[in-house]
2 protein chains.
Amino acid sequence: MGKPTRVTNRVRALRFAAGEMTQANLADRVGVTRQTVIAIEQGRYSPSLEMAFQIARAFNVPLDDVFQYPEVK
Amino acid sequence: MGKPTRVTNRVRALRFAAGEMTQANLADRVGVTRQTVIAIEQGRYSPSLEMAFQIARAFNVPLDDVFQYPEVK
DNA sequence: ACGAGATGTCAGAGATGTTTGACATCATGT
DNA sequence: ACATGATGTCAAACATCTCTGACATCTCGT
């Protein structure tokens with residue numbers, strides 16, 4: 001619905017790297033719904049800052065490891 | 001309006017540190033309105049991830065230098 | 001063949017973030 | 001005294017993000 005975001009992320013990769021972590025697992029850990037995880041993995045929109053922090057924490061990595069913002073506009 | 005956020009920020013400090021940067025200046029640079037800058041500086045809500053990235057870029061610092069997320073919940 | 005788990009789609013309702021515009025206060029300089 | 005710029009408040013419209021729930025597809029194990 002929203003305009004596609006410029007922010008990219010490595011959520012899916014990190015999730016697999018973390019072992020048997022499913023979308024539902026991650027959603028639980030972060031405290032959001034599976035829908036939201038799906039939408040983010042697909043880059044349909046960028047999450048709120050709070051959620052971005054929580055996701056990074058779920059993987060125990062800094063925020064910049066999960067989300068990237070392209071150089072210029 | 002929104003529930004107060006857990007995310008804290010150093011926008012105001014960075015703005016002063018950057019010299020004569022006013023709220024309106026920053027808002028322009030980042031592409032948002034002055035209202036939004038005010039609300040964020042006051043911690044009334046946390047910005048979107050995109051905006052957080054843009055703000056960090058406006059100050060030429062990493063995102064974690066501007067926004068912090070407290071340890072636990 | 002069947003059931004269960006993981007991923008995905010769709011649509012609508014609800015919550016949060018952003019804009020617009022009008023106006024108030026304080027400090028500064030002329 | 002007046003004008004200007006910087007900061008702040010308020011309220012309502014608007015945009016974006018998140019949730020709920022129902023359902024489809026694929027894979028895997030039994």
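Throughout, protein chains are lettered first and strands after them, A, B, ... in sequence-line order, and every chain is numbered starting at 1.
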Point to revise | Separation of A:Arg6 CZ from A:Gln68 CD (nearest 0.5 Å) | key: 15.0 Å
Point to revise | 4.5 Å side-chain heavy-atom contact, A:Asp28 and A:Asn25 | key: no
Point to revise | Spacing of A:Ile40 atom CD1 relative to C:dT9 atom C1', expressed in whole Å | key: 17 Å
Review point. Rounded to the nearest 0.5 Å, what separation is found between the OH atom of B:Tyr45 and the OG1 atom of B:Thr5?
Key: 11.5 Å
Point to revise | A:Thr33 and A:Thr36: CA distance, side-chain angles, deciding distance, side-chain contact (heavy atoms from CB on, under 4.5 Å) verdict | key: CA-CA 5 Å; A:Thr33 62; A:Thr36 302; 3.2 Å; yes
Exercise for review: Give me the residues of residues 9-19 of chain A where at least one heavy atom lies under 4.0 Å from an atom of DNA chain C, by number, or none.
Suggested key: A:Arg12, A:Arg15
Study note, to complete from the structure: With sequence neighbours left out, the residues meeting side chain to side chain donor-acceptor pair (under 3.5 Å) with A:Thr22 are none
Review point. Would you say B:Gln23 reaches D:dG5's phosphate, i.e. side-chain N/O to OP1/OP2 under 4.0 Å?
Key: no
**Study point:** Value in whole Å for how far the P atom of C:dG17 lies from CD of B:Glu41
**Key:** 17 Å
Review point. Within this structure, what is the CZ-to-P distance between A:Arg44 and D:dC17, rounded to whole angstrom?
Key: 11 Å
Exercise for review: Output all residues satisfying salt bridge (charged side-chain N to carboxylate O under 4.0 Å, His left out) with A:Arg34, sequence neighbours left out; order by chain, then residue number.
Suggested key: none
Review point. Given axes from five pairs at either end, by how many degrees does the helix from C:dA1-D:dT30 to C:dT30-D:dA1 bend, rounded to 10°?
Key: 30°
Exercise for review: If a protein heavy atom is under 4.0 Å from the base, mark B; if only from the sugar-phosphate, S; if neither, -; do that for nucleotides 19-30 of chain D going 5' to 3'.
Suggested key: SBB---------
Produce the list of close N/O pairs, under 3.5 Å, pairing protein atoms with atoms of nucleotides 27-30 of chain C; give distances to one decimal.
none

Revision key, fill the gap. From CG of B:Leu49 across to P of D:dC17 the rounded distance in Å is 10 Å
Point to revise | Upstream residue (5' side of DNA chain D) when A:Ser48 and B:Met21 are each assigned their closest nucleotide | key: B:Met21
**Study point:** Residue pair A:Pro47 / A:Phe67, side-chain heavy-atom distance below 4.5 Å
**Key:** yes
Point to revise | Candidates D:dG8, D:dA6, C:dT18 - which lies nearest the side chain of B:Thr22 | key: D:dA6
Study note, to complete from the structure: In whole angstroms, the gap separating C1' of C:dG5 from CG of A:Leu26 amounts to 17 Å
**Study point:** Sub-4.5 Å side-chain heavy-atom contact between B:Phe59 and B:Leu26
**Key:** yes
Review point. Atom CZ of B:Arg12 and atom CD1 of B:Ile40: how far apart are they, to the nearest 0.5 Å?
Key: 13.5 Å
Check your understanding: Is there side-chain contact between B:Ile55 and B:Leu14, with heavy atoms separated by less than 4.5 Å?
Key -> no
Point to revise | Worked verdict on A:Arg29 versus A:Arg57 for side-chain contact (heavy atoms from CB on, under 4.5 Å) | key: CA-CA 10 Å; A:Arg29 280 163 140 277; A:Arg57 192 153 294 175; over 6 Å; no
Review point. Once you round it to whole Å, what is the distance between C1' of C:dA24 and CD1 of B:Ile38?
Key: 12 Å
Review point. Can you tell me how far the CG atom of A:Asp64 sits from the CG atom of B:Leu63, to the nearest 0.5 Å?
Key: 6.5 Å
Exercise for review: Would you please test A:Met51 and A:Gln54 for side-chain contact (heavy atoms from CB on, under 4.5 Å) and show each step?
Suggested key: CA-CA 5 Å; A:Met51 216 220 282; A:Gln54 287 169 342; 4.2 Å; yes
Study note, to complete from the structure: On a heavy-atom basis, the closest approach of A:Gln23 and A:Arg15 is N-NH1, 3.3 Å
Review point. How close or far is atom C1' of C:dT18 from atom CG of B:Asp28, stated in whole angstroms?
Key: 15 Å
